[in-house]
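Encoded as structure tokens, the structure appears first; notes follow it.
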Amino acid sequence: MNPDALLSLKDISVVRGGQRVLELDDLDILRGECLVVIGPNGAGKSTLLLTAAGLLQPASGSMLKGGKEVYSGSLLEYRRKTGLVLQDPLLMDMSVYDNVASGLRFRGVGSKEIAPRVNTWLEKFGIARLAKRRARSLSGGEAQRTSLARALVLDPDLLLLDEPFSALDAPTRARLLEDFHNLLQQSHVTTLMVTHDLNEALQLGDRVAVLLDGKLRQAGTPQEVFNSPVDTGVAAFVGVDTVIPAEVTGSQEGMLQLKAGSYTLECPGTANTGQQVLLCLRPEDITLWMDGAAPQSSARNRMQGVVQRCSVQGALVRIQVDCGFPVVALITRSSWMEMGIRDGARVTVTFKATAGHVLPRAASK
Amino acid sequence: MEVIWKGILQALELLFSFDTEVLKVTLLSLQVSGLATAISLLIGLPLGTLLALGKFPSRKFILSLINTGMALPPVVVGLAVSIFLWRSGPLGSLRLIYTPIAIVIAQTIIAAPVVTGLTASALQSLDPRLKLQLQGLGASQAQVTWSLWKEARLPLLAAIMAGFGSVISEVGASMMVGGNIRNQTRVLTTAIVLETSKGEFALAIALSAILLLLAYLVNLFLTSVQQRRH
């Protein structure tokens with residue numbers, strides 16, 4: 001067990017409705033960190049969170065806190081050292097103040113101590129003016145702020161968050177995310193958050209773990225997970241849209257030479273000559289040039305292709321290019337309009353060697 | 001029309017003259033139905049909560065029985081209780097037949113399924129994740145239950161009103177197990193039946209007006225509690 005771990009989950013298996021929905025080999029939540037577990041819907045994220053909250057007993061495995069098995073001890077005692085925030089605020093039909101105070105009252109904290117603690121957190125979340133308002137009259141953002149304050153006022157050892165921002169509209173979410181990020185950095189409370197939103201993981205996570213089909217595929221810093229996924233399943237989820245089958249033709253000083261179709265490409269990594277690999281690229285790392293416009297002095301990784309499809313996604317445009325294999329690029333809408341890229345246009349695709357990440361072909365999942 | 005007017009005037013007269021017999025009948029109605037409702041609450045609130053929140057194999061079956069029980073005909077209840085309390089019946093030695101206690105027993109059997117069923121449905125109408133959220137905030141089992149009751153207080157008060165309404169207005173069971181004995185087991189509904197059968201429509205209307213007023217006042221009180229701050 002990692003001595004820095006606040007909570008250690010080992011060989012956890014959770015069965016719900018007769019189906020095994022979560023199988024975790026090993027997951028530590030380290031003291032003071034914010035661990036964000038990402039995964040698509042149905043990956044087992046909420047199951048993981050409820051298990052960590054002491055609300056869903058695993059069929060097998062162990063969950064240790066301070067060396068003690070949580071599920072064989074007093075669960076009420078354990079839960080009273082955690083704070084839980086779910087996707088919906090689930091406030092009770094009482095005032096904002098009373099909602100925030102509810103967890104403290106459950107713990108038998110006296111009203112003299114409750115008042116300053118509640119008021120402090122109402123202030124921190126910018127909802128002090130709403131203290132006397134009934135929870136039912138709050139907007140979505142105000143309600144979620146109340147729910148977060150209700151959990152943090154408990155001064156929990158472990159804060160558990162289940163997609164707390166996903167039901168909010170984009171501007172409200174952005175503001176609350178920013179405020180919450182600041183509060184988290186000030187309080188250093190150990191946090192486990194599950195979400196399907198990659199931006200939330202990047203913004204809040206000290207570490208990120210990827211959960212797919214009930215199994216933990218990768219855990220590491222956001223940089224590691226987003227730029228160096230361990231398999232194609234993780235790559236697809238973290239937005240690595242281009243995965244090019246290639247063969248290693250040589251290596252020099254940590255730089256691999258790859259043959260992909262008729263192109264020779266370069267990328268950092270370690271592999272043996274002749275090994276079949278997959279070259280992973282994030283769409284934002286790929287640059288497009290109209291045919292003939294690419295400067296000769298630019299990146300050595302250069303391919304020719306034909307635009308297959310352009311799809312506008314707000315301020316960005318996702319462009320799929322056929323280079324003998326599909327390559328996906330993401331450019332701004334203004335660049336797209338300026339360059340006049342249309343379906344069928346011939347383009348040059350370039351990317352820096354350092355943007356690539358190589359996976360062994362066996363990591364195709 | 002004259003009969004109705006006469007009845008209303010007589011009702012007012014009886015009310016304001018504090019007629020001893022009418023007062024006794026009214027008081028007994030309130031006591032018997034109030035007690036039956038209170039006992040139904042003691043049974044129905046925990047049982048309804050268990051059926052709504054608990055997880056055990058026969059839960060759905062019991063819930064279907066309770067829901068059927070909500071439509072129990074009072075005369076059938078009267079018959080069953082009579083058989084049990086009849087002198088030669090299994091509980092005959094208790095000598096409860098034709099006593100107010102017998103009426104309370106019958107009315108409790110009528111009201112308890114109503115309170116139980118409506119309590120279960122009130123709690124089931126809450127978001128099921130609320131229980132998890134409360135547990136996640138460190139609430140004990142008792143604190144979770146109390147918080148859920150508070151959240152469902154509007155439909156729970158409706159359950160009490162429905163329970164009280166079902167017994168204050170029933171006549172079949174009270175007549176059968178109470179016997180409508182003057183000064184002993186005569187309640188408003190059985191008195192109304194008696195006066196009507198005697199052709200004393202004015203008195204029957206007067207008693208009906210009192211019964212309606214009583215039901216209204218009790219429900220007014222419960223409604224004002226229910227609708228407070230809404």
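Predicted model, so just to flag it, every value in this text is computed and none were measured. Chain A is the first sequence line, chain B the second, and so forth, proteins listed ahead of strands; every chain is numbered from 1.
The closest side-chain donor-acceptor pair between B:E170 and B:T189, if any, does not fall under 3.5 angstrom.
When all heavy atoms of B:A173 and B:A106 are compared, the pair lying nearest together is CB-CB, 3.9 Å. The minimum heavy-atom distance between B:S29 and B:I168, with the atom names listed, is O-CD1, 4.0 Å.
Looking at A:R150, both its backbone and its side chain come within 4.5 Å of chain B, counting heavy atoms on both sides. Looking at A:L50, only its side chain comes within 4.5 Å of chain B, counting heavy atoms on both sides. With a threshold of 4.5 angstrom between heavy atoms, A:L76 approaches chain B through side-chain atoms but not through N, CA, C or O.
We find that A:D93 and A:R136 are joined by a salt bridge, their nearest charged nitrogen and carboxylate oxygen being less than 4.0 Å apart. Between A:D155 and A:R117 no salt bridge is recorded (no basic side-chain N to carboxylate O distance below 4.0 Å).
Ranked by heavy-atom pairs under 4.5 Å with chain A, the first of B:Q141, B:R129, B:K150 is B:R129. Counting heavy-atom pairs under 4.5 Å between each of A:T82, A:L154, A:D88 and chain B puts A:D88 at the top.
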